[in-house]
Structure formats: structure tokens, C-alpha cells
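The chain is numbered in sequence order, starting from 1. Computed from a prediction, not measured in an experiment: that's the story for all the values here.
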Amino acid sequence: MKILKALSLTAVLFIFLTSFTALVGDSPHVGRWKGEDKGDMGFLELTSDGYATFEFEGQKMGGKSYVSDGVELAMTYKIDKKKSPAHIDFIIVDKSSDAELGSLKGIIEMKSHDQLHLALSFNGETRPTDFTVDALLFSRVK
């Protein structure tokens, strides 16, 4: 009887741990991505704690902390997978007041585990509806 209880406890513990691991690993967009636009190479990094960093020509913008015009800022992101295509918002936050200063609205699609399709609206108001304009294809940096 003790063996049966021990096996049952082990099975329940195993199921709990594997379920937790699946939830944590369920973020295919997290990682460092490389994209190319008209011959120019850039990078996008999306972290598991919700920060985004853009890098172009060695200049970084975003992440947990960066300075622009003497102000300390952060860039976060949110993805709404309930929309089709999924919506992504990149949000600029003033670190001193925790106030949102602006955002870039976009759509995101995982083409595969190693390819991410992203389209952004640079006018600040309307979100793209498809990947035909202002879209980039990013490849995962290994």
C-alpha cells in the first residue's frame, strides 16, 4: 500500500511539473531575431519578462533601461494572441514616472519556430491588417 501511495504521489508531482514547464516554454516569440530591410540588417529582442529591444547599426533602443534625450526609458511589449493575426504593441515608458509615452502598433505571426513575421504602423494610430506594407521577416539568431 505504501508503494502505491508513493507511486501516486510521484505521478501527480510529475504531471504538475511537466504542466508548469509547458506553460513557461509556451512563448515562441521570445528570443533574439535578425531582420533585413533594403539591405540594412537589424535585430529585435523579445524577452520572457516583457521587454523589447530594437538594434540597428549598433544603436540599441529599448529594453529595461535606455536613455533618449536625457530621459531614462524602457520599452515593453504585449501580444494579444486572441486576434488574427496576433496584435503586438511596443510601449515606451518613462522610468521616472512609470508613464506611457507612446506605442508602436503592429501584427505578428510565427511562420515557424525560427521565423517571425512583423508589420508595424509608424503613424501611431492605425494597426496594420496584413503583412503587405511595412513588414519584415525575422530569423531567430541561434
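Between S121 and the choices T126, D134, I107, T129, the side-chain contact (heavy atoms from CB on, under 4.5 Å) rule is met once, by T126.
Atom CD of E55 sits about 11.5 Å away from atom CE of M41, to the nearest 0.5 Å. Rounded to the nearest 0.5 Å, atoms CD (E45) and CH2 (W33) are 12.0 Å apart. Rounded to the nearest 0.5 Å, atoms CG (D94) and CG (L101) are 5.0 Å apart. S103 contributes atom OG, which lies 11.5 Å from atom CD1 of I88 (distance to the nearest 0.5 angstrom). Between the CD atom of E100 and the CD1 atom of I92 there is a distance of 9.5 Å, given to the nearest 0.5 Å. With rounding to the nearest 0.5 angstrom, the CD1 atom of I91 is 10.0 Å from the NZ atom of K105.
At a threshold of 4.5 Å between non-hydrogen side-chain atoms, the residues H113 and R140 count as touching. The shortest side-chain heavy-atom distance between T76 and F90 does not fall under the 4.5 Å cut-off. Using a 4.5 Å heavy-atom cutoff, the side chains of V93 and D98 are in contact.
In plain terms, the two heavy atoms of V133 and D130 that are nearest each other are N-OD1, 4.4 Å. The heavy-atom pair separating Y66 from M61 by the smallest distance is CE1-CG, 3.5 Å. In plain terms, the two heavy atoms of Y51 and A74 that are nearest each other are CE2-CB, 4.2 Å. Among all heavy-atom pairs drawn from G42 and F56, the shortest one is CA-CD1, 4.3 Å. The nearest pair of heavy atoms linking I108 to H29 is CD1-CB, 4.4 Å. The nearest pair of heavy atoms linking K81 to A86 is CA-CB, 4.0 Å.
Counted within 6.0 Å of CG on D40, heavy atoms from surrounding residues, nucleotides or ligands total more than 12; the atom is thus considered enclosed. More than 12 non-hydrogen atoms from other residues, nucleotides or ligands lie less than 6.0 angstrom from NZ of K95.
Residues E72 and S65 have side chains that bring a donor and an acceptor to within less than 3.5 angstrom of each other. Side-chain contact check for S112 and D114: no donor-acceptor pair (N or O, by modelled atom type) lies under 3.5 Å.
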**OP:** May I have the step-by-step check of side chain to side chain contact (heavy atoms under 4.5 Å, CB included) for D89 and R127, ending in yes or no?
**Re:** CA-CA 9 Å; D89 293 328; R127 183 182 310 276; 2.9 Å; yes
Original post:
Is there a side chain to side chain contact (heavy atoms under 4.5 Å, CB included) between H87 and I79 once you walk through the steps?
Top reply: CA-CA 6 Å; H87 288 187; I79 295 178; over 6 Å; no
Subject >> Chi angles and distances behind the side chain to side chain contact (heavy atoms under 4.5 Å, CB included) call for L44, Y77 >> reply: CA-CA 12 Å; L44 168 65; Y77 72 95; over 6 Å; no
**OP:** Could you walk me through whether K111 and L137 pass the side chain to side chain contact (heavy atoms under 4.5 Å, CB included) test, one step at a time?
**Re:** CA-CA 9 Å; K111 302 287 277 176; L137 186 61; 3.9 Å; yes
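Taking hydrophobic clusters as Ile, Leu, Val, Met, Phe, Trp and Tyr residues chained together by side-chain heavy-atom distances below 4.5 Å, V141 does not share a cluster with L136.
Taking the six-membered ring where the residue is Trp, the centroids of F138 and F43 are separated by 6.0 Å or more.
In this view, A135 and H117, A119, F131 satisfy the side chain to side chain contact (heavy atoms under 4.5 Å, CB included) rule, not counting sequence neighbours.
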